[in-house]
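Below is one structure; the comments refer to it alone.
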Amino acid sequence: MTRRMHFTLGAIAAMTLSTAAFASEVAPDAVEFGDEGVMTSLTGVAGDPVAGAETFKSRKLGNCLACHANADMSGELFHGDVGPSLDGVADRWEEPMLRAIVANSKQIFTEATIMPGFYSLEVGKHLREDLEGQTILTAQQVEDVVAYLGTLKE
Ligand code: HEC
């Protein structure tokens, strides 16, 4: 077999892998919200709390600090106080409820909440028109943020 052939087979294997990863992802409009939250992972891949912390504080992604104080990130500027402090949030909510709140807070609080639905197709037009038809975070970014929130215990 030639080098070139190896390369092609590798590319095909990579394509198959990414299709498989996509197939196991729950689509934004297929997320099931129950009384206890969203029971199953959106991706089947365990969340990474370190990546989740980055997504959480990134102004372009979660931007969670715009509304929430969080002592774990006291080095970051501008902690908003529109939402409750997230210190000890993992003592207040189990993982399925944290997943539900991050994926689509409107399902848990009320339609009127100003917290964006981060894995919802109804982000609120006035917030990010450029995101119409897309979610603010990917399914895996939600899982990562949920894993990070799970570390916030008092
Ligand atoms: C625009 C403001 C805003 C942003 C941005 C925001 N939130 Fe919220 N969040 C709120 C508000 C307000 C509440 C309280 C519920 C309510 O009154 O609507 C809340 C509630 C919560 C709660 C429940 C807290 C508790 O103790 O009950 C969690 C968890 C949470 N947010 C996580 C996040 C995460 C993670 C992000 C970033 C991915 C985020 N929020 C971004 C406004 C925001």
Side-chain angles (χ1 to χ4, degrees), residues 14-15 17-154:
M15 270 170 61
L17 271 178
S18 64
T19 313
F22 184 70
S24 64
E25 208 169 277
V26 181
D29 52 3
V31 182
E32 287 181 28
F33 294 85
D35 290 345
E36 288 165 42
V38 176
M39 302 310 286
T40 47
S41 164
L42 300 177
T43 61
V45 178
D48 171 358
V50 177
E54 290 303 316
T55 299
F56 184 102
K57 66 184 172 191
S58 158
R59 307 265 157 212
K60 290 194 178 142
L61 294 171
N63 201 12
C64 313
L65 290 175
C67 296
H68 294 282
N70 172 8
D72 183 50
M73 292 188 175
S74 52
E76 299 289 320
L77 294 172
F78 310 125
H79 289 234
D81 59 5
V82 173
S85 158
L86 295 182
D87 296 346
V89 76
D91 298 323
R92 296 195 287 281
W93 301 101
E94 301 286 339
E95 182 189 278
M97 197 53 94
L98 291 172
R99 180 179 292 114
I101 293 171
V102 177
N104 190 356
S105 53
K106 291 179 179 34
Q107 296 277 349
I108 304 303
F109 307 130
T110 67
E111 277 294 320
T113 183
I114 59 157
M115 178 163 160
F118 288 92
Y119 195 64
S120 161
L121 296 174
E122 291 147 39
V123 247
K125 275 192 177 172
H126 57 293
L127 275 175
R128 296 286 299 269
E129 267 179 39
D130 55 318
L131 282 171
E132 234 184 294
Q134 299 177 46
T135 58
I136 302 177
L137 298 181
T138 65
Q140 192 57 46
Q141 284 169 334
V142 171
E143 291 303 323
D144 293 346
V145 168
V146 169
Y148 170 66
L149 292 176
T151 68
L152 300 180
K153 298 191 172 166
E154 276 176 338

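If you're wondering where the values come from, they're calculated on a predicted model, not measured in any experiment. Counting starts at 1 for both ligands and their atoms, following the listed order. Keep in mind that the numbers below use all heavy atoms, side chains included, and drop hydrogens, waters and symmetry copies.
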List ligand 1 atoms under 4.0 Å from [X], heavy atoms only on the residue side.
X    : value
G62  : 37 (C), 38 (C)
T113 : 16 (C), 18 (O)
F118 : 36 (C), 37 (C), 38 (C), 39 (C), 41 (C)
N63  : 5 (C)
L86  : 24 (C), 28 (C), 29 (C), 30 (C), 32 (C)
V145 : 35 (C)
V82  : 12 (C)

How close do [X] and [Y] get, counting heavy atoms only, and between which atoms?
X    : Y    : answer
L42  : V38  : CD2-CG1, 4.3 Å
Y119 : V26  : OH-O, 2.6 Å
K106 : E111 : CE-O, 3.7 Å
V45  : S41  : N-OG, 3.9 Å
V102 : L149 : CG2-CD1, 3.7 Å

Surrounding [atom1] of [X] (heavy atoms of other residues, nucleotides or ligands, distance under 6.0 Å), is the total greater than 12?
X   : atom1 : result
D91 : CG    : yes
D35 : CG    : no
E32 : CD    : no

Backbone N or O of [Y] within a donor-acceptor pair of the [X] side chain at under 3.5 Å?
X    : Y    : value
H68  : S85  : no
R92  : D87  : yes
T151 : A147 : no

Suppose we measure from [atom] to each protein heavy atom; which comes out shortest, and what is that distance?
atom                    : answer
atom 22 (C) of ligand 1 : I101 CG2, 3.7 Å
atom 11 (C) of ligand 1 : G83 CA, 3.6 Å
atom 14 (C) of ligand 1 : P84 CD, 3.4 Å
atom 29 (C) of ligand 1 : V89 CG2, 3.7 Å
atom 8 (Fe) of ligand 1 : H68 NE2, 1.9 Å

Q) Does A66 come within less than 4.0 Å of ligand 1, judged by its heavy atoms? A)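 Per 4.0 Å heavy-atom rule, A66 does not contact ligand 1.
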
**Q.** contact_flag W93 ligand 1 heavy-atom lt 4.0 Å
**A.**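 Yes; W93 lies near enough to ligand 1 that a heavy-atom distance drops under 4.0 Å.
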
Q) Considering distance alone, does some N or O of S85 sit under 3.5 Å from an N or O of ligand 1? A)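 S85 vs ligand 1: no N/O contact under 3.5 Å.
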
Q. When you measure from atom 15 (C) of ligand 1 to each heavy atom in F109, Y148, Y119, which option holds the nearest one?
A.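 Going through F109, Y148, Y119 one by one, F109 has the nearest heavy atom to atom 15 (C) of ligand 1.
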
Q: Return the option from P116, S58, A103, C64 holding the heavy atom at the smallest distance from atom 34 (C) of ligand 1.
A: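 Answer by nearest heavy atom: C64.
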
Q) Is C67 close enough to atom 8 (Fe) of ligand 1 to have an N, O or S atom under 2.8 Å? A)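 Not a single backbone or side-chain N, O or S atom of C67 is under 2.8 Å from atom 8 (Fe) of ligand 1.
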
Q) Within M115, is some N, O or S atom less than 2.8 Å away from atom 8 (Fe) of ligand 1? A)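 So M115 counts as coordinating atom 8 (Fe) of ligand 1, yes.
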
Q | T135 side chain near L121 side chain, heavy-atom distance below 4.5 Å | A |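 Sidechains of L121 and T135: in contact.
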
Q: Look up atom 17 (O) of ligand 1 and tell me if a protein heavy atom lies less than 4.0 Å from it?
A: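 Within 4.0 Å: no protein heavy atom nearby.
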
